[in-house]
Structures are given as C-alpha cells and as structure tokens.
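Worksheet: one structure, shown below.
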Amino acid sequence: MELLDGKSCSQEIRREIANTVAQLKAEGKRAPHLAAILVGDDGASETYVANKVKDCEEVGFDSTVIRLPAATSEDELLAEVDKLNNNSNIDGFIVQLPLPDHIDEHRVTLAIDPYKDVDGFCPANVGNMCLGLPTFVSATPNGIMELLARYKIDTTGKHCVVLGRSNIVGTPMAILMSRNTNPGNCTVTLAHSRTQNLTELCASADILVAAIGRPNFVTADMVKPGAIVIDVGITRVEDSSRASGFKLVGDVDFEAVADKSAYITPVPGGVGPMTRASLMQNTLKAYQR
Ligand code: NAP
C-alpha cells in the first residue's frame with residue numbers, strides 16, 4: 001500500500017505557486033487577488049475562510065474578506081457580488097456556502113462572473129467542464145485529479161466507482177474520470193443512496209472515490225485487492241481524548257482497507273489539503289487569464 005499524501009503534494013503545489021508569484025512581483029506586477037464573501041457567523045465557514053486567507057498569505061496572494069451579517073438580504077448580497085464582478089483588482093472570488101436559508105444559493109452562484117468563479121460552481125463553468133473546455137473545475141475534484149496525476153497513476157480503462165453524486169464532488173468527479181484525458185479514460189459508475197448491491201459494485205472498482213459523508217462506511221469487503229481508494233469524506237466525530245473534543249473521520253474504514261489497497265488517501269492529510277491548494281491554483285489561473 002502506498003499513501004497518497006495530499007499534505008506533501010499540496011505543499012509542493014503551494015511552493016510552485018509562491019515561486020510564480022515571486023517572479024511576477026520581481027517583474028513589477030501586482031499579486032493575484034482572491035476575495036471571499038462570508039455571510040453570517042457559521043463557525044465552520046469562518047474556519048474555511050480563515051484557511052483560505054492563510055493559504056493566500058503563504059503563496060503571496062492578496063486576499064479580501066467581505067463579512068456580511070446573517071440578516072443580509074439576497075439583493076444586498078447580489079450587489080456585493082456585482083461589485084466584485086466589476087472590481088478589476090479582484091481576480092477571483094468565492095461566496096462561502098452554506099448561505100442563510102432566506103438566500104437562494106442558486107441565484108447567487110448564477111450571478112458570479114464565470115471568469116472570476118474560482119470555485120467552479122456556476123453553470124457556465126460546470127458546462128465547460130462537461131465539454132472539456134477551459135474552465136475552473138471545483139476545488140475538490142480538481143485536487144483529486146491533481147493528486148492522481150502527480151502520483152502518475154494510470155487510470156486508463158479502469159472501472160471507477162464514485163460514491164455520492166453531489167454537485168460539488170461526486171458528479172464532477174464522475175465526469176472528469178470518464179473524459180478522454182489523463183487521468184481519466186475510466187469506465188465510471190456513479191452510485192448514490194438509491195444504488196442497489198453497493199457492496200458488490202464497490203468491490204468491482206479499480207478506483208473507488210468515496211464522497212458521502214458517512215464515517216467508516218467503506219469496509220474491507222467493499223474494496224477490491226489492489227484498488228486505488230480516494231476518501232473525500234470528512235465528518236467530525238466526538239473524541240474526548242483530544243483537546244478539541246473531536247476527530248476528523250473519513251468515509252473509508254482506513255485501518256481495515258489500507259492493506260488491501262494499492263493506494264489510499266488518509267483523512268486528514270489526503271483530499272482536504274489538495275482542495276485548499278486547488279483554490280490557489282484556480283486563483284492564479286484567473287489572474288493569468
Ligand atoms: P452531500 O452533498 O451530502 O452528498 C452526499 C452524497 O452521498 C449524496 O449523493 C447521497 O446520495 C450519497 N449518499 C449518502 N448516503 C449514502 C449511502 N448510504 N450510500 C450511498 N450513497 C450515499 O455531500 P458532499 O458535499 O459531496 O460531501 C461528501 C463528504 O465529503 C462530506 O463528508 C464532506 O464533508 C466531504 N467533503 C470533503 C471535502 C474535502 O476537501 N476533503 C470537500 C467537500 C466535501 P443521494 O444523492 O441519493 O442523497
């Protein structure tokens with residue numbers, strides 16, 4: 001078994017980006033600039049945005065956080081999106097999800113200029129991804145593709161089972177793995193909560209991507225010997241032995257599955273850091289555009 005080490009791989013990516021930014025600055029150019037809109041005071045969202053600011057600092061990007069109260073109306077948020085769309089100093093921006101219930105996420109996502117949509121959530125970018133056209137691929141699938149590429153894993157002709165069909169992870173992952181690219185060129189099965197014979201299906205996968213948010217769901221009997229296992233899941237599980245009071249657990253029962261697999265991502269330290277690095281890659285791409 002070989003660990004797909006997202007932590008070290010993401011550090012390598014951040015170093016590469018930092019070198020590019022240092023070069024730009026040496027040429028007298030401005031740094032790439034990422035903005036984030038944060039509505040309300042959701043603790044997890046605060047942490048995600050703080051991490052994005054930290055990542056920007058590390059690679060030499062400028063960053064701006066626009067904090068809006070939870071009571072912000074949809075129209076007020078759309079006005080902020082419009083300002084960022086028209087601010088030529090901002091290369092890319094994200095609207096941190098989830099939004100308060102009274103705001104229609106879909107309307108907000110639609111309002112973002114596709115050239116600044118570094119999360120890759122807006123329909124134009126999803127459509128471009130499906131057609132294999134230049135786009136921003138959403139951070140998690142992009143990070144997984146990058147991890148497979150950097151480990152030079154041959155995916156051609158393999159059977160890839162993707163567990164979970166969310167718009168931000170499972171569905172784009174299935175599309176990317178099925179395209180005529182490298183990594184890619186897989187025969188893909190996209191499974192979800194209504195899929196039958198899940199154990200047999202997963203056990204037939206050469207590449208298994210688990211993105212369902214159910215801790216330790218994938219057990220050893222669901223994994224083919226020699227499979228490549230990508231664990232996207234992150235669930236906080238109570239753990240009184242830790243100062244934080246919780247630990248992060250993936251969708252894969254790592255202890256049981258690791259020895260059976262050829263490659264496996266750990267949680268934490270696998271897909272998570274690759275997701276963060278992907279946002280930096282997308283921001284640099286937006287700047288270069
Ligand atoms: P989501 O929107 O909640 O979607 C979950 C998907 O899993 C749905 O398609 C659901 O099927 C399917 N599912 C749920 N239970 C299932 C079961 N028992 N058997 C088969 N399929 C089942 O989740 P998400 O946003 O994609 O996130 C998935 C996990 O990845 C979460 O733990 C999340 O925290 C994590 N995540 C990690 C990163 C990272 O950077 N590492 C990034 C994003 C998300 P239905 O469609 O039929 O309901």
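What you see is a predicted model; the values in this text were computed from it and never measured. Order of listing sets the numbers, starting from 1, for every ligand and every atom in it. Note: hydrogens, waters and symmetry copies are ignored here, and every other heavy atom, side chains too, is used.
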Considering only heavy atoms of [X], which atoms of ligand 1 have at least one such atom less than 4.0 Å away?
X: Gly272; answer: 40 (O), 41 (N)
X: Arg214; answer: 14 (C), 15 (N), 16 (C)
X: Gly213; answer: 28 (C), 29 (C), 31 (C), 32 (O)
X: Leu198; answer: 19 (N), 20 (C)
X: Thr275; answer: 39 (C), 40 (O)

Discussion item. Going by a strict under-4.0 Å cutoff (protein heavy atoms only), does atom 3 (O) of ligand 1 have a neighbour on the protein?
Written reply: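 Not a single protein heavy atom is under 4.0 Å away.
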Discussion item. Under 4.0 Å from atom 27 (O) of ligand 1, is there at least one protein heavy atom?
Written reply: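 So far as the 4.0 Å threshold goes, atom 27 (O) of ligand 1 is out of reach of every protein heavy atom.
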Item to complete: Check whether the side chains of Asn180 and Asn185 place a donor and an acceptor atom closer than 3.5 Å, and report yes or no.
Response: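 Indeed, the side chains of Asn180 and Asn185 share at least one donor-acceptor pair under 3.5 Å.
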Worksheet item: Can you find a side-chain donor-acceptor pair between Asp221 and Thr219 that sits under 3.5 Å?
Response: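 A pair is found: one side chain offers a donor N or O, the other an acceptor, under 3.5 Å apart.
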Could you list the donor-acceptor pairs under 3.5 angstrom formed between side-chain atoms of residues 266-286 and any protein atom two or more places apart in sequence or on another chain?
unit_1	atom_1	unit_2	atom_2	d
Thr275	OG1	Thr140	OG1	3.2
Thr275	OG1	Val271	O	3.1
Arg276	NE	Asp55	OD2	2.9
Arg276	NH2	Asp55	OD1	2.8
Ser278	OG	Ala139	O	3.1
Ser278	OG	Asn142	ND2	3.4
Ser278	OG	Gly143	N	3.1
Ser278	OG	Met274	O	3.1
Gln281	NE2	Glu146	OE1	3.4
Asn282	ND2	Val118	O	2.9
Asn282	ND2	Val137	O	3.1
Thr283	OG1	Leu279	O	2.8
Lys285	NZ	Thr135	O	2.6

Discussion item. Can you confirm whether more than 12 heavy atoms, excluding those of Lys54, are under 6.0 Å from its NZ atom?
Written reply: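 Count not over threshold, so no.
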With backbone taken as N, CA, C and O and side chain as the heavy atoms from C-beta onward, which portion of [X] lies under 4.0 Å from ligand 1: side chain, backbone, both, or neither?
X: Val232; value: both
X: Met274; value: neither
X: Val169; value: side chain

Practice prompt. Compute the shortest N/O to N/O distance between Asp251 and ligand 1 and return yes if it is under 3.5 Å, no if not.
Written response: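 The answer is no, given that Asp251 and ligand 1 share no N or O pair closer than 3.5 Å.
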Worksheet item: Mind checking whether Ala191 has an N or O less than 3.5 Å away from an N or O of ligand 1?
Response: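 No: no nitrogen or oxygen of Ala191 is under 3.5 Å from one in ligand 1.
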Worksheet entry | From CZ (Arg150) to CG (Asp5), nearest 0.5 Å |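 Arg150 atom CZ to Asp5 atom CG measures 12.5 Å (nearest 0.5 Å).
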Fill in: Shortest protein contact, atom 23 (O) of ligand 1 (heavy atom only)
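Heavy-atom neighbour on the protein nearest atom 23 (O) of ligand 1: Ser166 CB, 4.2 Å.
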Item to complete: Can you pull out the closest protein heavy atom to atom 47 (O) of ligand 1? Residue, atom name and distance to 0.1 Å, please.
Response: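 So the nearest neighbour among protein heavy atoms is Ser193 OG, 2.5 Å.
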Worksheet item: For His33, which of Asp62, Asn87, Thr64 qualifies under side chain to side chain donor-acceptor pair (under 3.5 Å)?
Response: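 Exactly one option meets the side chain to side chain donor-acceptor pair (under 3.5 Å) with His33, and it is Thr64.
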Worksheet item: Less than 4.5 Å apart, any side-chain heavy atom of Pro134 and any of Arg289?
Response: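 Yes, close enough: below the 4.5 Å cut-off.
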